[in-house]
Amino acid sequence: MTTPADARPPSLLDGPDAPTDDVRAVLLAIEAFGRAQRCIGTAFVHELNLPRASLGVLFKLQVHGALQISELAQLLQVDVSVASRQATTLVDAGLAVRDIDPDDRRARTVALSPAGHERAATARQAVAKLLADALGNWDTGRLATLATSLNDLTDAVTTHFDGPQHHSKDLA
């Protein structure tokens with residue numbers, strides 16, 4: 001007799017090099033959290049009338065100001081062509097503007113327009129409200145532990161893979 005567990009497809013989490021149960025639990029929690037983030041993003045696609053990927057660009061530009069596309073790509077950890085398309089989406093929507101980089105007149109930057117700043121502020125408030133509602137019954141100690149754990153996870157993973165430039169201290 002085959003049970004549902006026996007019928008599941010092979011997983012990278014199985015086999016001779018499988019992680020410990022503790023690491024497996026963290027991996028599964030990260031996967032679940034990623035799905036939760038996509039749910040939040042999907043909800044905002046409709047509310048903000050923007051593609052989900054544009055939210056990251058919107059927030060990076062809000063925090064960092066005008067950026068060259070290569071800088072934006074590095075912050076987003078995507079290819080320059082991806083960052084360029086995402087920035088173009090915001091420019092086309094009137095939420096960002098392109099300009100000549102004052103430090104390198106050969107380069108161009110992208111920055112939020114006044115409407116982009118307004119949309120970013122609205123989006124941040126909406127995300128904060130959604131999260132506050134979802135975690136409304138958590139006490140402050142549990143919230144502090146969650147924030148510390150997420151920051152520690154981010155720092156450990158980014159330090160292991162590519163150094164400190166993308167640590168949790170980057171607010172966007």
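Just so you know, these numbers use all the heavy atoms, side chains as well, and skip hydrogens, waters and symmetry mates. Positions are given from 1 along the sequence.
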Shortest non-hydrogen contact from Ala123 toward Leu55: CB-CD2, 4.4 Å

Leu72 vs Gln86 side-chain heavy atoms within contact, under 4.5 Å: no

Least distance between heavy atoms, Ala87 atom then Val57 atom: CA-CG1, 4.5 Å

Min side-chain heavy-atom separation Arg124-Gln62 under 4.5 Å: yes

Gap separating the OG1 atom of Thr109 from the CG atom of Leu61, nearest 0.5 angstrom: 9.5 Å

Gln37, CD atom: more than 12 neighbouring heavy atoms under 6.0 Å: yes

Exercise: identify the closest heavy-atom pair between Val110 and Ala96: CG2-CB, 3.9 Å

Interatomic distance, Asp79 atom CG to Ser70 atom OG [nearest 0.5 angstrom]: 11.5 Å

Between CD1 on residue Ile100 and CZ on residue Arg106, distance to nearest 0.5 Å: 12.5 Å

Close side-chain approach of Gln125 and Lys129, heavy atoms under 4.5 Å: no

CG-CG distance between Leu112 and Leu90, expressed to the nearest 0.5 angstrom: 7.0 Å

Residue pair Glu71 / Gln68: nearest heavy atoms and the distance that separates them: OE1-N, 2.7 Å

Cluster link Leu150 to Trp138, ILVMFWY, side chain under 4.5 Å: yes

Flag side-chain contact, heavy atom, 4.5 Å: Thr145 against Arg142: no

Stepwise side-chain contact (heavy atoms from CB on, under 4.5 Å) test for Thr122 and Arg119: CA-CA 5 Å; Thr122 299; Arg119 183 80 61 97; 5.5 Å; no

Inter-residue atom distance Ile30.CD1 - Leu153.CG, 0.5 Å rounding: 4.5 Å

In one Ile/Leu/Val/Met/Phe/Trp/Tyr side-chain cluster, 4.5 Å: Val63, Val97: no

From Leu27 atom CG to Arg24 atom CZ, the distance as rounded to the nearest 0.5 Å: 8.5 Å

Side chain proximity check, Ile69 to Arg98, heavy atoms < 4.5 angstrom: yes

Leu146 side chain near Leu135 side chain, heavy-atom distance below 4.5 Å: yes

